[in-house]
*Asks:* 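Handing you this structure, nothing more for now.
Predicted model, so just to flag it, every value in this text is computed and none were measured. In this chain, numbering begins with 1 at the start of the sequence shown.
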Amino acid sequence: MTEKKYDIGLMGLAVMGQNLVLNMVDHGFDVAVFNRTTSKVDDFLATPEAQSKGDKLTGAHSLAELVGKLKSPRKIMLMIKSKDAVPAPELELYPAAAAVDAVIAELLPLLDKGDVIIDGGNTQFKDTERRTKYLQARGIRYIGTGVSGGEEGARRGPSMMPGGDPEAWPLVKPIFQAISAKVGPNKDVPCCDWIGDRGAGHYVKMVHNGVEYGDMQLISDAYWILKNALGLTNKELYEVFSEWNKTELDSYLVEITRDIFTVDDPETGDALVDKILDCAGAKGTGKWMSQLALDLGVPSTLVTEAVYARAISSMKAPRVNASKILSGPTAKFEGDRAEFIAQVKQALYASKICSYAQGFVQMQAAAKEYDWKLDCGRIALLWRGGCIIRAVFLERIKDAFDRDPNLENLLLDPYFKDAVETAQPAWRNVVKTAIELGIPVPGFATALTYYDSYRSANLPANLIQAQRDYFGAHTYYRVDKPEEGPFHTDWINVKKS
Ligand code: NBP
């Protein structure tokens with residue numbers, strides 16, 4: 001009897017790997033699994049859920065055994081810990097530095113030309129660029145895919161953003177599209193499609209995570225001003241977020257925020273959210289997006305502000321100390337409470353539009369820089385389901401890119417232009433009120449500054465150029481002689497008025 005061969009192998013049986021495997025089996029695929037600590041293979045296969053899958057699931061105790069169990073061309077997915085970008089030349093692996101490089105180095109002698117390696121971790125895109133080229137040169141097809149939606153997404157349908165070697169895509173497409181979340185009127189449009197060459201998928205996943213940082217900060221800004229300006233209770237906050245979730249703000253993050261306000265601490269019976277220390281953690285993808293925006297010279301200020309907001313939140317002891325020394329305004333909110341709640345909603349919506357506008361601008365700039373072809377409308381739809389930023393609003397972004405695939409900025413699309421203009425007076429009033437009351441709203445404020453800067457034909461950068469030329473002879477261009485230049489002035493000896 002010939003030995004049964006499996007459709008795909010998966011290495012890395014932590015929370016994401018286990019759930020993806022079960023999802024794959026549920027969709028009819030035969031899966032072989034392996035883990036560095038091999039006892040976890042046996043533990044996983046002994047769980048009632050894995051047992052119920054019968055011979056559609058098998059374990060291996062070495063990479064060689066895993067490879068031997070797979071149909072050709074073999075597909076091996078890694079769901080293991082990822083590391084920061086490794087500063088390596090393009091065609092090198094750095095097994096000592098990065099788990100994925102180490103596993104690839106171990107796999108290579110076991111594979112045949114045409115086999116596929118997939119990295120499903122949160123890998124920095126430059127590593128995926130490097131690995132795709134390295135493996136292409138050796139006849140191995142490589143995919144780096146973003147997988148979003150956490151544990152629940154992995155089990156029930158994640159949003160997936162694969163990029164890498166395009167020859168690998170047809171081989172894994174049936175599996176990936178089957179297991180991913182589905183959207184659309186008939187729930188049949190998979191939240192998974194080919195993103196682009198080499199590191200494009202991991203880049204888009206990183207922007208997804210950065211936009212998630214922005215969304216979370218903006219929701220927290222709304223929470224904080226409603227709580228501190230109006231003194232809303234958790235029950236009232238639940239009601240506000242409940243209402244908002246029935247509008248254009250309908251999204252997973254608003255929904256879970258609503259529900260968070262209903263959860264009591266089992267120990268004390270008080271609201272759990274009030275017992276949680278106000279120090280936000282981060283795993284680094286927001287920081288990557290911000291760093292890479294700086295590298296590209298694009299203003300992704302929402303994610304950057306959100307990263308800084310988490311940084312200042314984690315300075316608890318210095319903040320407590322400063323709160324005893326530094327004073328702020330003592331004014332109290334005076335105005336119509338219901339109207340202000342409606343204005344905060346407008347501020348949240350307008351700021352969110354700016355945040356997504358920045359995310360898409362950054363992806364388009366990266367596509368130019370790294371030579372990818374990105375379909376922004378399709379990306380918006382991939383985020384429509386399965387992932388943490390899933391939201392009804394993403395349909396409107398898809399529509400905007402359908403209207404104009406080369407749309408320079410979402411704010412220029414008629415739908416979003418109208419939305420932001422309608423929200424503008426309320427948005428300004430919320431930021432103004434926050435400033436008057438001394439309540440920090442970093443997301444709302446930075447979004448408004450971005451909006452005002454972007455819509456300004458003139459900015460004070462003429463003065464910056466003059467300063468740079470004054471102290472460093474950095475030169476400048478003139479508005480009245482646009483075809484000429486650069487110019488330099490001897491600022492000290494020139495005639496002064
Ligand atoms: P972890 O990120 O906690 O990684 C644990 C897995 O990595 C274990 O299987 C572990 O094996 C393996 N591993 C490590 Br650690 N070092 C290794 C090495 N040098 N060689 C081989 N294997 C190694 O697991 P996770 O939370 O399931 O996430 C998996 C990937 O998915 C990560 O890249 C993560 O960033 C990404 N991701 C996670 C989520 C989420 O919500 N958790 C969401 C989206 C993406 P061991 O058992 O032998 O220690």
*Asks:* As a quick check of understanding, evaluate side-chain contact (heavy atoms from CB on, under 4.5 Å) for D270 and D264, giving each step before the final call.
*Replies:* CA-CA 5 Å; D270 299 333; D264 292 334; over 6 Å; no
*Asks:* Less than 6.0 angstrom from the centroid, inside 45 degrees of the normal: does R390 satisfy that with respect to the ring of Y252?
*Replies:* yes
*Asks:* Rounded to the nearest 0.5 Å, how far apart are SG of C376 and CG of L381?
*Replies:* 13.0 Å
*Asks:* Provide the full list of ring pair (Phe, Tyr, Trp, His ring centres under 6.0 Å) pairs with a residue in residues 260-280, sequence neighbours left out, each pair given once.
*Replies:* Y223-F261, F241-F261
*Asks:* Check this for me: E484, atom CD, are more than 12 non-hydrogen atoms of other residues, nucleotides or ligands nearer than 6.0 Å?
*Replies:* yes
*Asks:* I'd like to know if the side chain of R319 reaches the main chain of I312, judged simply by a donor and an acceptor atom lying under 3.5 Å from each other, with no hydrogens or angles considered.
*Replies:* yes
*Asks:* Between S159 (side chain) and L382 (backbone), is there a donor-acceptor pair under 3.5 Å?
*Replies:* yes
*Asks:* Apply ring pair (Phe, Tyr, Trp, His ring centres under 6.0 Å) to W372 and F125, showing your working.
*Replies:* CA-CA 12 Å; W372 307 319; F125 87 101; 5.7 Å; yes
*Asks:* Does V392 form a side-chain contact (heavy atoms from CB on, under 4.5 Å) with E248? I'd like the steps, not just the answer.
*Replies:* CA-CA 7 Å; V392 171; E248 63 275 16; over 6 Å; no
*Asks:* Taking the inter-plane angle between the rings of F360 and F401 on a 0 to 90° scale, is it parallel (under 30°), tilted (30 to 60°) or perpendicular (over 60°)?
*Replies:* tilted
*Asks:* In Å, rounded to the nearest 0.5 Å, how long is the span from CE of M363 to NE2 of H208?
*Replies:* 10.5 Å
*Asks:* So, does H202 use its side chain to make a donor-acceptor pair with the main chain of G121 at under 3.5 Å?
*Replies:* yes
*Asks:* For the pair Q358 and S300, evaluate side chain to side chain donor-acceptor pair (under 3.5 Å) and give the outcome as yes or no after the intermediate values.
*Replies:* CA-CA 5 Å; Q358 292 183 349; S300 291; 5.0 Å; no
*Asks:* Would you indicate whether K495, at its atom NZ, is surrounded by more than 12 heavy atoms from other residues, nucleotides or ligands within a distance under 6.0 Å?
*Replies:* no
*Asks:* For D127 and R198, what are the C-alpha separation, side-chain angles and deciding distance, and is it a salt bridge (charged side-chain N to carboxylate O under 4.0 Å, His left out)?
*Replies:* CA-CA 9 Å; D127 284 329; R198 304 176 304 279; over 6 Å; no
*Asks:* Taking the side chain as every heavy atom from C-beta outward, state whether T433 and F333 have any pair of such atoms under 4.5 Å apart.
*Replies:* yes
*Asks:* Between the side chains of N122 and K283, does any donor sit under 3.5 Å from an acceptor?
*Replies:* no
*Asks:* For K287 and V307, work out which heavy atoms get closest and say how close.
*Replies:* N-CG2, 3.8 Å
*Asks:* Would the distance check show the side chain of D413 and the main-chain N or O of Y415 forming a donor-acceptor pair, the cut-off being under 3.5 Å?
*Replies:* yes
*Asks:* State whether the side chain of T489 and the backbone N or O of W491 hold a donor-acceptor pair below 3.5 Å, judged by distance alone.
*Replies:* no
*Asks:* Parallel, tilted or perpendicular: which fits the ring planes of F393 and F416, with parallel below 30° and perpendicular above 60°?
*Replies:* perpendicular
*Asks:* Could you give me the CA-CA distance, side-chain angles and deciding distance for V254 and I219, then say whether side-chain contact (heavy atoms from CB on, under 4.5 Å) is met?
*Replies:* CA-CA 7 Å; V254 168; I219 291 171; 4.0 Å; yes
*Asks:* Between G443 and L218, which heavy-atom pair has the shortest distance, and what is it?
*Replies:* C-CD2, 3.4 Å
*Asks:* Passes side-chain contact (heavy atoms from CB on, under 4.5 Å), V211 versus V303? Steps please.
*Replies:* CA-CA 7 Å; V211 165; V303 65; over 6 Å; no
*Asks:* Going by distance alone, is a donor N or O of one side chain under 3.5 Å from an acceptor N or O of the other, for T268 and D265?
*Replies:* yes
*Asks:* In terms of ring plane angle, is the pair F471 and H474 parallel, tilted or perpendicular, where the classes change at 30° and 60°?
*Replies:* perpendicular
*Asks:* Any idea which heavy atoms bring T247 and E243 closest together, and the distance?
*Replies:* CG2-O, 3.4 Å
*Asks:* Any sub-3.5 Å donor-acceptor pair from R258's side-chain atoms to N245's backbone N or O?
*Replies:* no
*Asks:* Among residues at least two apart in sequence or on other chains, which ones pass side-chain hydrogen bond (donor to acceptor under 3.5 Å, both in side chains) with T446?
*Replies:* none
*Asks:* With heavy-atom distances below 4.5 Å as the criterion, would you say the side chains of M161 and W194 are in contact?
*Replies:* no
*Asks:* Mind checking whether Y477 and F487 have ring centres under 6.0 Å apart?
*Replies:* no
*Asks:* For Q343 and V430, indicate whether the former's side chain and the latter's backbone hold a donor-acceptor pair under 3.5 Å.
*Replies:* no
*Asks:* Is any NZ, NE, NH1 or NH2 atom of the basic residue among R396 and D402 found under 4.0 Å from an Asp or Glu carboxylate oxygen of the other?
*Replies:* no
*Asks:* Could D274 and K227 be called an ion pair, given the rule that one side-chain N must be under 4.0 Å from one carboxylate O?
*Replies:* yes
*Asks:* Would you give the length of the straight line joining atom CG of L448 to atom CD of Q424, rounded to the nearest 0.5 angstrom?
*Replies:* 7.5 Å
*Asks:* Would you say D215 and Y356 are linked by a side-chain donor-acceptor pair, where the criterion is simply a distance under 3.5 Å?
*Replies:* yes
*Asks:* CD of Q346 to OG1 of T422: how many Å apart, nearest 0.5 Å?
*Replies:* 7.5 Å
*Asks:* Are more than 12 heavy atoms from other residues, nucleotides or ligands located less than 6.0 Å from atom CG of D278?
*Replies:* yes
*Asks:* Could you check whether any side-chain N or O of N19 sits under 3.5 Å from a backbone N or O of V15, counting only pairs where one atom can act as donor and the other as acceptor?
*Replies:* yes
*Asks:* Are side-chain N/O atoms of E239 and S242 paired as donor and acceptor at under 3.5 Å?
*Replies:* no
*Asks:* Would the number of heavy atoms belonging to other residues, nucleotides or ligands and lying under 6.0 Å from CD of E90 be above 12?
*Replies:* no
*Asks:* Counting neighbours of CD on Q467 that are heavy atoms of other residues, nucleotides or ligands and sit closer than 6.0 Å, is the number greater than 12?
*Replies:* yes
*Asks:* If you look at every heavy atom in P158 and N23, which pair is closest and at what distance?
*Replies:* CD-ND2, 3.8 Å
*Asks:* Can you tell me if L412 has over 12 outside heavy atoms packed within less than 6.0 Å of its CG?
*Replies:* yes
*Asks:* Give me the ring orientation class for Y451 and W427: parallel if the planes are under 30° apart, tilted from 30 to 60°, perpendicular past 60°.
*Replies:* tilted
*Asks:* How many angstroms lie between atom CG of D101 and atom CZ of R130, to the nearest 0.5 angstrom?
*Replies:* 4.0 Å
*Asks:* Given 3.5 Å as the limit, does a donor-acceptor pair link the side chain of D221 with the main chain of F444, or not?
*Replies:* yes
*Asks:* Can a salt bridge be assigned to the pair R155 and D26 using a cut-off of 4.0 Å between side-chain N and carboxylate O?
*Replies:* yes
*Asks:* Which heavy-atom pair separates D193 from P162 by the least distance, and what is that distance?
*Replies:* O-CD, 3.1 Å
*Asks:* So, the side chain of S251 versus the backbone of L249: is there a donor-acceptor pair under 3.5 Å, distance only?
*Replies:* yes
*Asks:* Specify whether Y370 and Y203 have parallel, tilted or perpendicular ring planes, treating 30° as the upper limit for parallel and 60° as the lower limit for perpendicular.
*Replies:* tilted
*Asks:* Does a side-chain N-to-carboxylate-O contact under 4.0 Å join D188 and K182?
*Replies:* no
*Asks:* Between M160 and V147, what is the shortest heavy-atom contact and its length?
*Replies:* CE-CG2, 4.2 Å
*Asks:* Using a 4.5 Å cut-off on heavy atoms from C-beta on, say whether the side chain of N321 contacts that of K316.
*Replies:* no
*Asks:* Judged by modelled atom types alone, do T475 and H488 share a side-chain donor-acceptor pair under 3.5 Å?
*Replies:* no
*Asks:* When rounded to the nearest 0.5 angstrom, what distance separates NZ in K417 from CG in L410?
*Replies:* 14.5 Å
*Asks:* Could you check whether T123 and D119, counting side-chain N and O atoms only, form a donor-acceptor pair closer than 3.5 Å?
*Replies:* yes
